[in-house]
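Note that the coordinates shown come from a computational prediction; the quantities given were computed from them, not determined experimentally.
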Amino acid sequence: MLKILMPTIMLFPTIWLSSPKWLWTTTTAQSLIIAMASLSWIKWPTETGWTASSPYMATDPLSTPLLILTCWLLPLMILASQNHIKTEPINRQRMYIALLTSLQAFLIMAFGATEIIMFYVMFEATLIPTLIIITRWGNQAERLSAGTYFLFYTLAGSLPLLVALLLLHQNMGTLSMFIIQHSSPLTPHSWGNKILWASCLIAFLVKMPLYGVHLWLPKAHVEAPVAGSMVLAAILLKLGGYGMMRMMIMLDPLSKNMIYPIIILALWGVIMTGSICLRQTDLKSLIAYSSVSHMGLVAGGILIQTPWGFTGALVLMIAHGLVSSALFCLANTTYERTHSRTMVLARGMQIIFPLTATWWFISNLANLALPPLPNLMGELMIITAMFNWSPWTLIMTGGGTLITAAYSLYLFLMTQRGPVPMHIINLQPFHTREHLLMMLHILPIILLIIKPEIMWGWWY
């Protein structure tokens, strides 16, 4: 664990001491070396599950894929931001990269924590850099209200979690994940325990986000700069799913009766947010709502608590992290050239940028879960597990899949096909940097088809 965390912390002196000319090159190179080193976590030395570097930091097959995704994303965020941050004063550039790096450090400690209180503290700490990135480097005047939404939704959701964790600690004497997974602290008799059950999950459901408490997400995505959108979609939403997986294990006897309203909301959200996507004119807003739709499936898979549901949720989280990040990068490249996020104003791009149209095509097909991509594996496992739990869920999940296919094709046709508008003149060609960025998103997705057991945890 320390072999990744220490180099991440050592990125700070690199950022603040390197010469302005070499700032982006050195930080990208160092973060890429860290990302490569993090791949060593894939090689699993033990049969028992946990590999601990200390009593407080450990990895297991559930957190490993998320940790590697976190490390992989930092060089990609730095690459994606280069164009529009390069024009700012040098200290602001340094500050921006430092915030992204601090976000990675907090996320490594969140996914690596074995104490649930430590996980909670790191879960909350990720708010600060994200909030600064959204409110300082956001695009429009709405960014302050987006930041406020983001902050207060998350804080209001996670306050009950803190109280619940303190109570659990008082009752059990420990909150170590090693011990707590073998006990069931909640007995199903009192109302207090039902409130405690809800408190443990609400924070994560808001973060995922569940349909109904999702309003902060489209706002935050639309207003954030590209790196903010990438880290939000790819990793911060996964914190919610990861936290739910950790908490569901110990909330067991109560869950049988309590999960119904949440599953109904999650599945209804898949249909509703998919339908909202079909009506969107704003490119980033459409991709943001599609994230809510996919996370609804993940929530359903986790809540029914079967090995297939958990595996499907984990696979879909990793695959969605890479794909939605790729889509946000593509949306940003279009925005940098046309200075508009309205899809109609950027149509016909395939004629001007044929290779970029290929990236759009692959990303959209991955988003609608084309076989044999890991997105399909995750969705199929969740849909199968939910069908086994209750056949009626197939109406919702099947409808959601159809709508996902519809809005993905709508997104591709609106941005790439059709006649080139008359107002489009003098567009910059795409840089090698942007093609490399897309390659680094799409290559892992294709490689994961070959060896998906890296992602699916210890459930098998």
Side-chain angles (χ1 to χ4, degrees), residues 62 65-66 157 197-198 200-214 217 233 236-252 254-277 288-321 323-324 367-369 374-405 407 455-457 459:
L62 171 56
L66 292 160
W197 185 94
C200 284
L201 289 188
I202 283 171
F204 303 124
L205 289 168
V206 169
K207 196 75 172 174
M208 277 195 77
L210 182 72
Y211 180 72
V213 283
H214 70 288
L217 183 86
L236 293 182
L237 303 190
K238 305 332 177 244
L239 266 176
Y242 174 77
M244 274 176 73
M245 285 181 174
R246 291 286 188 218
M247 297 303 277
M248 286 303 285
I249 294 169
M250 63 179 213
L251 300 176
D252 202 30
L254 265 176
S255 300
K256 291 182 185 66
N257 304 321
M258 298 282 286
I259 57 176
Y260 293 105
I262 302 177
I263 286 186
I264 291 164
L265 261 180
L267 291 181
W268 182 236
V270 173
I271 301 273
M272 287 305 292
T273 45
S275 311
I276 291 169
C277 284
Y289 273 111
S290 82
S291 290
V292 183
S293 169
H294 288 301
M295 289 295 110
L297 270 180
V298 170
I302 295 169
L303 286 165
I304 57 171
Q305 294 184 84
T306 62
W308 271 56
F310 263 47
T311 302
L314 188 55
V315 171
L316 186 55
M317 283 200 292
I318 301 298
H320 170 264
V323 171
S324 65
N367 200 36
L368 66 79
N375 300 63
L376 178 84
M377 190 176 110
E379 285 193 21
L380 264 185
M381 292 187 96
I382 292 171
I383 291 169
T384 314
M386 296 211 68
F387 179 75
N388 192 28
W389 178 75
S390 161
W392 292 104
T393 54
L394 195 64
I395 300 167
M396 297 281 210
T397 49
T401 310
L402 280 174
I403 295 170
T404 306
Y407 71 68
M455 293 182 291
W456 67 34
W459 320 113

Value for CZ (F387) from CD1 (I395), rounded to nearest 0.5 Å, stands at 10.0 Å
Go through the steps to decide whether Y407 and I403 satisfy the test side-chain contact (heavy atoms from CB on, under 4.5 Å), and finish with yes or no.
CA-CA 6 Å; Y407 71 68; I403 295 170; 4.1 Å; yes
Can you name the nearest heavy-atom pair linking I383 to L297, along with the distance?
CG1-CD2, 4.5 Å
Picking from L267, I302, L303, I202, what satisfies side-chain contact (heavy atoms from CB on, under 4.5 Å) with I262?
L303
Measure the CD-CH2 distance between Q305 and W389 for me, rounded to the nearest 0.5 Å.
11.0 Å
When rounded to the nearest 0.5 angstrom, what is the spacing between CG in L237 and OG in S324?
7.5 Å
Side-chain donor-acceptor pair present, N367, H294, cut-off under 3.5 Å
yes
Nearest-0.5 Å distance, CE of residue M245 to CE of residue M317:
4.0 Å
Audit row: L201, M247, side-chain contact (heavy atoms from CB on, under 4.5 Å) steps and yes/no
CA-CA 7 Å; L201 289 188; M247 297 303 277; 4.1 Å; yes
Yes or no on side-chain contact (heavy atoms from CB on, under 4.5 Å) for T384 and W308, after CA distance, side-chain angles and deciding distance?
CA-CA 8 Å; T384 314; W308 271 56; 4.1 Å; yes
Tell me the closest heavy-atom pair linking K238 and A233, and the distance in Å.
NZ-O, 2.7 Å
Would you sort out whether L314 and L66 count as a side-chain contact (heavy atoms from CB on, under 4.5 Å), showing the intermediate values?
CA-CA 9 Å; L314 188 55; L66 292 160; 4.3 Å; yes
K207 side, atom NZ; L217 side, atom CG - distance, nearest 0.5 Å:
10.0 Å
For S275 and I271, which heavy atoms make the closest approach, and how far apart are they?
OG-O, 2.7 Å
Taking every non-hydrogen atom, the tightest pair across C277 and S290:
SG-N, 3.5 Å
Just verifying a value: how many Å separate W456 CH2 and M377 CE, rounded to the nearest 0.5 Å?
5.0 Å
Let me know which of E379, M295, M381 forms a side-chain contact (heavy atoms from CB on, under 4.5 Å) with L316.
E379
State, to 0.1 Å, how close M208 and M244 come at their nearest heavy-atom pair, and which atoms those are.
SD-SD, 3.3 Å
Closest non-hydrogen atom pair between G301 and M386, with its separation
N-SD, 4.4 Å
Is T401 reaching over with its side chain to a backbone N or O of T397, donor-acceptor style, under 3.5 angstrom?
yes
